[in-house]
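Report on the following structure.
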Amino acid sequence: MIGNGDNMNFSYELKHVCAQTGARYGVLHTPHGDVETPMFMPVGTLATVKYLSPEELLGAGSGVILSNTYHLWLRPGPNVIATMGGLHRFMNYPGPILTDSGGFQVFSLSEKRKITEEGVEFRSHLNGDRLFLSPEKSIELQNAFGADIIMSFDECPAYPSTYEYMKQSVERTLRWAKRGQDAHQNPNQALFGIVQGGDYEGLRSLSAQSLAEMDFPGYSIGGTSVGEDKPTMYRMIDYSVRYLPTNKPRYLMGVGSIDAILEGVARGIDMFDCVLPTRIARHGALMTSQGRVNIRDAQYEMDERPIDPECDCETCKHYSRAYLRHLYKCEEGFGKRLLSLHNIRFLIRLTEQIRQAIQEDRFGDFHADLVRRYGFDQPGSRGF
RNA sequence: GGAGGGGUAGCGAAGUGGCCAAACGCAGAUGACUGUAAAUCAUUUCCCAUCGGGUUCGGCGGUUCAAAUCCGUCCCCCUCCA
């Protein structure tokens with residue numbers, strides 16, 4: 001069996017734990033290079049981070065980027081990607097790539113689905129085709145795509161779910177993880193197990209401990225950012241992390257708001273991914289050191305300042321809010337590109353600062369400063 | 001000069017006696033977006049205001065319990081004929 005915790009082509013090196021907090025600084029060694037953690041991974045569902053070129057992503061300091069098994073399965077299909085030399089060559093991204101298993105799509109975009117022990121039957125969102133995804137099928141697809149890091153096929157249950165439902169779901173997802181592990185054959189791909197269990201500590205610990213016993217090269221925390229409030233999410237993270245081995249990376253799936261990244265890092269999370277920065281950028285919302293900026297707002301009509309005076313991204317170096325607002329209102333693609341680039345760079349730079357702070361044993365102070373700056377501790381704050 | 005059509009909120013456009021402060025689209029304003037079915041979604045745009053009230057449908061004058069809707073008249077626009 002290949003793809004277990006001793007995978008020779010992939011490893012995690014824990015370099016330093018912040019003396020103030022449980023935050024970890026580490027390095028992920030992958031077949032496509034080493035990347036430092038904690039890190040933020042931009043999402044490129046369809047083998048493209050919408051509007052951004054790989055060159056721009058790398059310029060913004062990207063390490064790992066994501067793509068999606070379900071979407072690539074439907075288009076262009078595994079044969080095309082495999083024939084074209086795998087995902088890296090196909091999309092011309094030289095760095096590490098991670099693919100999600102498709103589990104999330106099955107549970108997020110198909111209301112009529114049938115879950116059985118074997119897998120999930122559901123409908124294509126494109127044409128209604130009857131589809132069937134199983135742990136083995138997901139691995140087979142991900143093997144064909146060739147990402148450096150791949151995910152177990154899991155169920156991402158709704159929040160809230162009853163304890164009874166969550167229990168049987170968690171147990172089945174564990175069995176699926178084992179099946180995926182058995183099916184996985186590519187030594188250049190690290191298969192992560194995914195912790196589920198909602199906000200039930202007993203189920204989170206069952207999930208995490210069982211996965212840890214299976215010895216994966218990394219562990220994902222799933223089932224978060226599905227409608228629960230922030231304190232609940234943080235509790236879910238606590239319930240999961242405390243049962244995971246310290247010598248393997250922890251990936252908090254689908255989390256990318258500033259406050260949640262900070263809280264995750266404080267709890268020992270190493271990897272984050274999220275569509276948030278790119279999606280809200282396309283919709284005109286920017287993450288800045290001063291707080292959130294909606295570039296469409298009339299107050300920026302003649303504002304010659306950059307989005308964020310503290311930002312070093314190409315957008316902030318060269319373009320005014322007034323121009324970006326103009327592009328946004330005219331629905332110009334160039335505007336979406338510039339705004340996406342800024343938000344991506346903002347989060348990546350945030351993680352650079354986080355890594356620095358951890359290495360200097362001051363992440364607690366760094367975190368507290370940002371909480372104060374953004375008012376995350378103020379009543380009514382939703383974070384962002 | 002003759003015949004016909006038309007003037008509705010920032011623009012376009014429904015409505016042709018009461019359920020109309022007036023559909024809908026655009027434009028404007030504000031907010032949202034968390035393992036991407038997302039260039040999407042929500043709210044809002046006559047005036048004052050919390051309920052609620054006050055002024056609107058080219059102008060003026062009528063009919064009616066009630067008019068954007070019916071009548072008279074005036075102004076303006078478009079098409080065709082001379």
Side-chain angles (χ1 to χ4, degrees), chain A residues 40-52 64-72 74-75 98-111 122-129 131 138 142 147 149-157 159 173 192 194-196 219-230 233 236 250-261 263-264 269 271-287 292-301 325 327-337 339-340 343 347 382-384:
Chain A
F40 176 76
M41 309 182 286
V43 180
T45 305
L46 284 160
T48 170
V49 176
K50 296 185 192 300
Y51 288 93
L52 298 179
V64 178
I65 64 170
L66 256 71
S67 202
N68 189 282
T69 298
Y70 166 76
H71 296 275
L72 295 181
L74 299 192
R75 295 184 304 198
L98 182 157
T99 45
D100 189 19
S101 65
F104 187 75
Q105 278 61 48
V106 166
F107 300 100
S108 74
L109 61 79
S110 177
E111 50 307 309
F122 62 108
R123 299 284 186 158
S124 159
H125 72 283
L126 294 177
N127 57 14
D129 277 359
L131 299 169
S138 176
Q142 295 187 79
I149 304 170
I150 67 177
M151 292 297 122
S152 285
F153 185 64
D154 66 328
E155 177 184 354
C156 181
Y159 177 84
T173 289
F192 281 29
I194 304 180
V195 180
Q196 289 287 353
Y219 300 89
S220 305
I221 296 170
T224 57
S225 269
V226 289
E228 79 282 9
D229 58 26
K230 292 277 170 70
M233 187 210 292
M236 292 175 176
R250 296 90 170 252
Y251 161 30
L252 181 58
M253 308 183 82
V255 169
S257 63
I258 297 168
D259 52 339
I261 286 177
E263 293 292 337
I269 298 295
M271 306 160 67
F272 301 86
D273 84 284
C274 198
V275 304
L276 192 67
T278 44
R279 179 180 293 169
I280 69 175
R282 272 177 276 127
H283 299 161
L286 290 320
M287 297 171 165
R292 193 162 172 146
V293 165
N294 279 319
I295 199 66
R296 161 200 39 192
D297 289 1
Q299 60 176 307
Y300 306 121
E301 185 178 18
R325 175 175 193 268
L327 293 181
Y328 178 82
K329 295 198 67 105
C330 294
E331 300 180 42
E332 284 292 336
F334 185 48
K336 295 180 193 306
R337 173 172 149 208
L339 298 176
S340 297
N343 274 358
L347 281 189
R382 291 196 310 263
F384 81 93

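Residue numbering restarts at 1 for every chain, and letters A, B, ... go by the order of the sequence lines.
Between the side chain of A:Asn68 and the base of B:G35, no donor-acceptor pair under 3.5 Å is found.
Shown here, B:C60 forms a base pair with B:G72; the pair counts as Watson-Crick or G-U wobble because both key distances fall under 3.5 Å. The partner of B:A3 is B:U79, by the rule that a Watson-Crick or G-U pair needs both atom distances under 3.5 Å. Base pairing of B:U36 is not made with any nucleotide, judged by Watson-Crick or G-U wobble geometry with both donor-acceptor distances under 3.5 Å. Remark: B:A22 base-pairs with no nucleotide; criterion is Watson-Crick or G-U wobble with both hydrogen-bond distances under 3.5 Å. If you check B:U16 for Watson-Crick or wobble pairing at under 3.5 angstrom, you find it has no partner at all. The base-pairing partner of B:U30, taking Watson-Crick or G-U wobble contacts with both distances under 3.5 Å, is B:A42.
A:Gly222 comes within contact range of no nucleotide atom at all, as no heavy-atom separation falls under 4.0 Å. Among the heavy atoms of the strands lying under 4.0 Å from A:Leu66 are primed sugar atoms or P, OP1, OP2 only; no base atom is included. Within the 4.0 angstrom heavy-atom criterion, base atoms lie near A:Asp100. Across all strands, A:Gln196 comes closer than 4.0 Å to base atoms (heavy-atom distances).
Between the NZ atom of A:Lys50 and the P atom of B:U40 there is a distance of 13 Å, given to the nearest Å. Residue A:Phe153 contributes atom CZ, which lies 17 Å from atom P of B:G35 at whole-angstrom precision. As a whole-Å value, the separation of A:Phe104 CZ from B:A37 C1' is 12 Å. When rounded to the nearest whole Å, the span between CE of A:Met287 and P of B:U34 equals 11 Å. Taking atom CG on A:Leu276 and atom P on B:A38, their separation rounds to 16 Å, with Å as the unit. Atom-to-atom, OH of A:Tyr251 to C1' of B:U34 comes out at 11 Å; the value is rounded to the nearest Å. The nearest whole Å value for the distance from the CD1 atom in A:Ile149 to the P atom in B:G35 is 18 Å. The distance from atom CG of A:Leu46 to atom P of B:A39 is 11 Å, rounded to the nearest whole Å.
The side chain of A:Ser108 contributes an N or O atom lying less than 4.0 Å from OP1 or OP2 of B:A37. Between A:Ser225 and the phosphate of B:U34, there is no side-chain N or O to OP1/OP2 separation shorter than 4.0 Å. Within the structure, every side-chain polar atom (N or O) of A:Gln105 is placed at least 4.0 Å from both OP1 and OP2 of B:G35.
Note: A:Arg382 CZ to A:Asp259 CG = 11.0 Å, rounded to the nearest 0.5 Å. With rounding to the nearest 0.5 Å, the separation of OG in A:Ser108 from NE2 in A:His125 is 9.5 Å. From A:Ile295, atom CD1 reaches atom CG of A:Leu327 across 9.5 Å, with rounding to the nearest 0.5 Å.
Note: A:Phe122 and A:Tyr70 have tilted aromatic rings, judged against thresholds of 30 and 60 degrees for the angle between ring planes.
A:Gln142 and A:Thr69 make their closest contact through CG-OG1, 3.0 Å (heavy atoms, listed as atom of the first residue, atom of the second, distance). For the pair A:Gly223 and A:Val226, the tightest heavy-atom approach, listed with the atom from each and the gap, is O-CG2, 3.4 Å. The minimum heavy-atom distance linking A:Leu347 with A:Gly256 is given by the pair CD1-O, 3.4 Å. The two residues A:Val255 and A:Cys274 have their closest heavy-atom pair at C-CB, 3.6 Å.
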Where along nucleotides 26-32 of chain B does protein come under 4.0 Å, by heavy atom, of base (B) or sugar-phosphate alone (S), with - for untouched nucleotides?
--SSBBB
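For the pair A:Arg279 and A:Asp259, nearest-nucleotide mapping onto RNA chain B gives the more 5' position to A:Asp259.
Here the two rings, on A:Tyr328 and A:Tyr300, have centers that are 6.0 Å apart or farther.
Straight-line distance between the C1' atoms of B:U8 and B:A67: roughly 14 Å, to the nearest whole Å. With P as the reference atom, B:C65 and B:G58 are 24 Å apart, rounded to whole Å. On the C1' atoms, B:U64 is 34 Å away from B:U45, given to the nearest whole Å. Comparing B:C46 with B:A29, their P atoms sit 15 Å apart, to the nearest whole Å. Using atom P as the reference point in both B:C75 and B:G25, the two lie 39 Å apart (nearest Å). Spacing between B:G17 and B:A68 at atom P, rounded to whole Å, works out to 13 Å. Between B:A27 and B:C11, the distance separating the two C1' atoms is 7 Å to the nearest Å. Rounded to whole Å, the P atom of B:G62 lies 28 Å from the corresponding atom of B:C77.
Under 3.5 Å, the side chains of A:Asp154 and A:Ser152 contain no donor-acceptor pair of N or O atoms.
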